[in-house]
Amino acid sequence: QVQLVESGGGLVQAGDSLRLSCAASGRTFSSSAMGWFRQAPGKEREFVAAISWGGGSTYYADSVKGRFTISRDNAKNTLYLQMNSLKPEDTAVYCCAAGVLPGTMTFKYDYWGQGTQVTVSS
């Protein structure tokens with residue numbers, strides 16, 4: 001089992017950067033694929049980025065490609081999402097998730113964090 005806790009969200013202006021962290025507890029983090037998802041008010045949860053267990057493969061939604069970078073430090077049991085050139089449409093609650101294989105669909109993931117709010121003002 002994996003417990004996930006996100007941090008690093010906040011209120012920023014358009015064009016700013018933020019780095020989200022997802023601290024994992026449990027013995028299976030290093031063998032888990034990880035993903036970031038986000039949910040804006042009134043909208044469905046959407047895929048943002050994913051990374052394989054070893055970090056060798058990464059995947060991004062078209063809307064964040066070139067601006068966001070997903071990474072992980074298995075020695076620290078931590079997942080990261082570096083977000084640059086933020087836009088107001090990036091405003092959402094960002095959640096990390098753990099699963100067996102990386103994917104863009106929520107059902108690929110077995111464990112979820114509570115999320116951290118990111119608000120981007122124009």
*Which heavy-atom pair separates Leu81 from Ala49 by the least distance, and what is that distance?*
CD1-CB, 4.3 Å
*For the hydrophobic clusters of this structure (ILVMFWY residues joined by side-chain heavy atoms under 4.5 Å, transitively), does one cluster hold both Leu79 and Tyr111?*
yes
*Atom pair SG (Cys22) and CG (Asn77), whose distance is rounded to the nearest 0.5 Å*: 10.0 Å
*Whether Arg72 side chain and Gly55 backbone form a donor-acceptor pair below 3.5 Å*: no
*Check whether any side-chain heavy atom of Asp16 lies under 4.5 Å from a side-chain heavy atom of Val120, and answer yes or no.*
no
*First locate atom OG of Ser85, then atom CZ of Arg67, and finally report the distance between them rounded to the nearest 0.5 Å.*
7.0 Å
*Does the gap between the ring centers of Trp112 and Phe37 come in under 6.0 Å?*
yes
*Is there side-chain contact between Ser17 and Asn84, with at least one heavy-atom pair below 4.5 Å?*
yes
_Closest heavy-atom pair and its distance - Thr69, Tyr60_ = CA-OH, 3.4 Å
*Ion pair Asp90/Lys87, N-O distance below 4.0 Å*: no
_Test item: Glu6 side-chain N/O and Leu20 main-chain N/O as donor-acceptor pair under 3.5 Å_ = no
*Roughly how far, to the nearest 0.5 Å, is the CD atom of Glu46 from the CD atom of Gln39?*
9.5 Å
*So, for Ala40 and Ala92, which heavy atoms are closest and what is the spacing to 0.1 Å?*
N-CB, 3.8 Å
*Would Val12 end up clustered with Tyr94 when hydrophobic side chains under 4.5 Å apart are linked, directly or stepwise?*
yes
*Val64, Trp36: one ILVMFWY side-chain cluster at the under-4.5 Å cut-off?*
yes
*Would you mind telling me which of Trp53, Phe29, Tyr80 makes a side-chain contact (heavy atoms from CB on, under 4.5 Å) with Met34?*
Phe29
*Are Ser21 and Lys76 side-chain neighbours, meaning at least one heavy-atom pair lies under 4.5 Å?*
no
*Would you call Phe68 and Leu86 a side-chain contact if the rule is heavy atoms closer than 4.5 Å?*
yes
*Measuring from Ile70:CD1 to Ser52:OG, what's the distance to the nearest 0.5 Å?*
9.5 Å
*Nearest heavy atoms of Tyr109 and Gly99, plus distance in Å*: CD2-N, 3.7 Å
*Give a yes or no on whether Val2 and Ile51 share a hydrophobic cluster (residues Ile, Leu, Val, Met, Phe, Trp, Tyr; joining criterion: side-chain heavy atoms under 4.5 Å apart).*
yes
_Closest heavy-atom pair and its distance - Ala98, Ser32_ = CB-CB, 4.3 Å
_Minimum-distance pair of heavy atoms, taken over all atoms of Arg38 and Ser63_ = NH2-OG, 3.5 Å
